[in-house]
Structures are given as structure tokens and as C-alpha cells.
Amino acid sequence: MRMLGFWKNRKDEWERGEGKVYCIVGLGNPEKKYENTRHNIGFEVIDEIAEKYSIAVKERGFKALFGKGVIEGQRVLLVKPQTYMNLSGESVREITDYYKIDPGEELIVISDDISLELGGIRIRKKGSAGGHNGLKNIIKHLGTENFMRIRMGVGEKPKEWDLADYVLARFPKEEREKVDRSIKDAAAAVGIMVTDGAEKAMNVFNKKKQVSHREEGKQDENTESTLAGAGGV
């Protein structure tokens, strides 16, 4: 009962706050079978942020699991859409409309990216979907590409792998250390983005060349069609 009172007091304080509310959305698929897969790394980043800043991501609404909290003095919403990946925009549109979030200033979307080397992260202030169905659906529902995003490198698909099988596979043990480090980097980047802006975070985390030989921002040309048919991912 004491813990319930603690969370209620924090929520009430959050509701009374003024100024910006940052909506931080990690993309993934909701079923247990997708946990810890490459495509769900956005969910893992949300979990890391939630633990780091003691934010309970347990409320249900807006087709999502979400939580209200404070990061470095800034009010935030942590969001894990419970639609499948290719319908993420439905959830994002609902919650941004309800809380009057300005996508260009207050929305941060975290997604996997096969064009970045494993363990790399790349921060952008805006941009195209790059073949990622979750980002594509968010752009469709918001009607804009103008929102911040953190792209999480999951490594390029080996030639012998089917793309859907690759992104829906779990990271092998030998990759886990790099992945965990990148998740902590992404959580740190969010802290900088909500206090000092995306430019500052880009200066810190975009220094190293983290892009594979494929041109930055471009996924495999078959990504969209392949993933659209892979169980709604």
C-alpha cells in the first residue's frame, strides 16, 4: 500500500507540472515470443530508461503500455506500443494527440536498424522511414517525418538469412555485451536530448562511423515487403 501511495503522489505531481512533455517511444512487437529479438530493441531501451529513472511502465491505454515520470527535471512519457510493429503509428498518434505532444520538439522514437553495425547508435532530428515498417506507419499517422529518433544498430543481415527471420531472431550470447552497452548509450542519449537537445546528443553519440558499407539510412530494398508479411512485424 505504501508503494501504491508513492506512485500516486508521483503521478499527481506529474499532472500538475508545466512545460514540455517528452514522449519517448520504443518500437517492438508485444507478444512474449518476440522478447529480446533484434526487432524489439526499442522495448529494451524503454526498460533501461524506466529502471534508470524509476518510472513504472505499467499503465494501459492508447494501444500501449506507458508510464509517466521525470528525466533530469523534464516530464516524460515512456511508451511501448502494443500493436504489432507495422501499426505502431496508431498508438503514437493516439497518445501524442491526447497529451498535445509536438512531434518535432517532443517526440523521440527508438527503433532497430540493420544498416548500422551491431552496438552502434545513430541520433537524427528527422528523416525518412528507411524501409522500417514501424517508422513508416508513424510517419503515415502523424503526417510528418519531423520527429527525433534513435536508431539502434543490430547488424547487417547475413546473405544466407531471410530478413524477417533475422530481425525476429534473438541476439546470440556473443553479441549481447555490445547490445547491452548500446542500450545504456541510448538511455544516456535520451537524458541529453530532453535537457540539452538532439544536437548535443548527436555530437556525443554520432562521432564514430557506425554505418555498414550500405548507404546510411537505406535498408535492404526488400525490407518493407518482407516484413509486412512476417506475422505483422
Side-chain angles (χ1 to χ4, degrees), residues 22-29 34-53 55 57 71-72 76 78-81 85 88 107-127 129-135 138 147-158 161 163 166-220 223 227 233:
Y22 287 90
C23 185
I24 304 162
V25 180
L27 299 186
N29 286 302
Y34 296 117
E35 287 180 2
N36 301 317
T37 61
R38 292 179 175 88
H39 224 23
N40 270 39
I41 195 169
F43 278 11
E44 291 196 64
V45 175
I46 293 296
D47 291 341
E48 175 68 23
I49 297 169
E51 182 176 357
K52 182 176 181 179
Y53 292 100
I55 301 172
V57 184
I71 294 178
E72 309 299 343
V76 302
L78 299 185
V79 183
K80 297 164 73 173
M85 179 70 82
S88 300
L107 176 62
I108 302 171
V109 178
I110 305 162
S111 65
D112 62 300
D113 195 318
I114 62 169
S115 69
L116 287 178
E117 68 179 26
L118 182 74
I121 74 170
R122 201 78 168 171
I123 299 162
R124 302 185 70 186
K125 295 175 71 174
K126 59 183 179 180
H132 191 287
N133 279 344
L135 291 174
I138 291 171
F147 56 87
M148 297 175 282
R149 67 282 305 269
I150 300 176
R151 297 160 48 203
M152 306 293 297
V154 298
E156 188 171 13
K157 176 188 74 68
W161 278 68
L163 182 59
Y166 180 69
V167 297
L168 295 179
R170 289 180 169 84
F171 295 102
K173 288 182 179 180
E174 62 269 21
E175 294 182 355
R176 197 66 232 188
E177 184 177 349
K178 278 188 175 181
V179 172
D180 289 343
R181 188 162 57 244
S182 72
I183 289 170
K184 290 184 182 299
D185 283 345
V190 166
I192 295 172
M193 293 168 80
V194 302
T195 54
D196 297 318
E199 291 281 359
K200 176 67 176 293
M202 290 166 69
N203 289 338
V204 174
F205 292 99
N206 289 4
K207 286 182 178 180
K208 295 181 179 179
K209 184 173 178 59
Q210 298 170 337
V211 184
S212 69
H213 69 271
R214 194 182 301 144
E215 183 180 349
E216 180 180 351
K218 290 186 178 180
Q219 303 261 19
D220 187 289
T223 300
L227 293 186
V233 301

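Remember, it's a predicted structure, so these values are computed and weren't measured experimentally.
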Colleague: Set out, in order, the CA-CA distance, both residues' side-chain angles and the distance that settles side chain to side chain contact (heavy atoms under 4.5 Å, CB included) for Met152 and Ile121, then state yes or no.
Modeller: CA-CA 5 Å; Met152 306 293 297; Ile121 74 170; 3.8 Å; yes
Colleague: Looking only at non-hydrogen atoms, find the nearest pair between Ser182 and Gly119 and report the distance.
Modeller: CB-O, 3.2 Å
Colleague: Taking the side chain as every heavy atom from C-beta outward, state whether Leu135 and Phe147 have any atom pair closer than 4.5 Å.
Modeller: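 Yes, close enough: below the 4.5 Å cut-off.
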Colleague: Looking at residues at least two apart in the chain, or sitting in another chain, which of them share a salt bridge (Lys or Arg N to Asp or Glu O under 4.0 Å) with Glu35?
Modeller: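 If we apply the salt bridge (Lys or Arg N to Asp or Glu O under 4.0 Å) test to Glu35, skipping adjacent residues, the hits are Lys32.
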Colleague: Determine, stepwise, if the pair Lys80 / Asp47 fulfils side chain to side chain contact (heavy atoms under 4.5 Å, CB included).
Modeller: CA-CA 9 Å; Lys80 297 164 73 173; Asp47 291 341; 2.9 Å; yes
Colleague: Are side-chain heavy atoms of Ile150 and Val45 found at a separation under 4.5 Å?
Modeller: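 No - every pair of side-chain heavy atoms lies 4.5 Å or more apart.
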Colleague: Hey, are the side chains of Arg122 and Asp113 touching, using non-hydrogen atoms and a 4.5 Å cut-off?
Modeller: no
Colleague: Among Asn133, Val109, Ile138, which residue meets the side chain to side chain contact (heavy atoms under 4.5 Å, CB included) test with Ser88?
Modeller: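 That would be Ile138.
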Colleague: Ring pair (Phe, Tyr, Trp, His ring centres under 6.0 Å) with Tyr166: which residues, sequence neighbours excluded?
Modeller: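 Once residues adjacent in sequence are excluded, the partners of Tyr166 under the ring pair (Phe, Tyr, Trp, His ring centres under 6.0 Å) criterion are Trp161.
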Colleague: Measure the CZ-CD1 distance between Arg151 and Ile110 for me, rounded to the nearest 0.5 Å.
Modeller: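 Reported to 0.5 Å precision, the distance equals 14.0 Å.
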Colleague: To the nearest 0.5 Å, how far apart are OH in Tyr22 and CE in Met148?
Modeller: 6.0 Å
Colleague: Side chains of residues 183-197: which donor-acceptor partners sit under 3.5 Å, not counting sequence neighbours?
Modeller:
residue	atom	partner	partner atom	Å
Lys184	NZ	Glu48	OE2	3.4
Thr195	OG1	Gly191	O	2.8
Thr195	OG1	Ile192	O	3.2

Colleague: For Asn36, check side chain to side chain contact (heavy atoms under 4.5 Å, CB included) against everything at least two apart and list the hits.
Modeller: Glu44, Arg170, Arg176
Colleague: Restricting to non-hydrogen atoms, name the atom on Val57 and the atom on Ala50 that form the minimum distance, rounded to 0.1 Å.
Modeller: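 That closest heavy-atom pairing would be CG2-CB, 3.8 Å.
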Colleague: Tell me, do Thr37 and Asp112 make a side-chain contact under 4.5 Å, heavy atoms counted?
Modeller: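 No. Closest side-chain heavy atoms not under 4.5 Å.
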Colleague: Is there a side-chain contact between Ile24 and Ile46 in this structure, where contact means two heavy atoms from C-beta onward sitting under 4.5 Å apart?
Modeller: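 Yes, at least one pair of side-chain atoms sits under 4.5 Å.
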Colleague: Quick one: does Asn40's side chain have a donor or acceptor within less than 3.5 Å of a partner on Asn29's backbone?
Modeller: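 Looks like yes, one N/O pair under 3.5 Å.
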Colleague: Suppose we screen for salt bridge (Lys or Arg N to Asp or Glu O under 4.0 Å). Which residues come up paired with Glu51, at least two apart in sequence or across chains?
Modeller: none
Colleague: Going through the checks in order, is the side chain to side chain contact (heavy atoms under 4.5 Å, CB included) test met by Met85 and Ser111?
Modeller: CA-CA 10 Å; Met85 179 70 82; Ser111 65; over 6 Å; no
Colleague: Out of curiosity, Leu163 CG to Glu156 CD, how far, rounded to the nearest 0.5 Å?
Modeller: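 Nearest 0.5 Å value for the CG-CD distance: 10.5 Å.
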Colleague: Could you walk me through whether Ile123 and Val204 satisfy the side chain to side chain contact (heavy atoms under 4.5 Å, CB included) test, starting with their C-alpha distance in whole Å, then the side-chain angles of each, then the deciding distance to 0.1 Å, before giving a yes or no?
Modeller: CA-CA 10 Å; Ile123 299 162; Val204 174; over 6 Å; no
Colleague: Taking all atoms of both residues into account, what is the closest heavy-atom pair of Gly26 and Pro81, and its distance?
Modeller: O-CD, 3.2 Å
Colleague: Under the side chain to side chain contact (heavy atoms under 4.5 Å, CB included) test, which residues partner Lys125, sequence neighbours left out?
Modeller: Ala198, Glu199, Met202
Colleague: Side chains of Arg149 and His132: closer than 4.5 Å at any heavy-atom pair?
Modeller: no
Colleague: Do Leu118 and Val179 make a side-chain contact, defined as non-hydrogen atoms from C-beta onward lying under 4.5 Å apart?
Modeller: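 Contact flag for Leu118/Val179 side chains = yes.
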Colleague: Take atom NZ of Lys52 as the centre, draw a 6.0 Å sphere, and report whether it contains more than 12 heavy atoms from other residues, nucleotides or ligands.
Modeller: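 For Lys52, atom NZ is crowded (more than 12 foreign heavy atoms under 6.0 Å).
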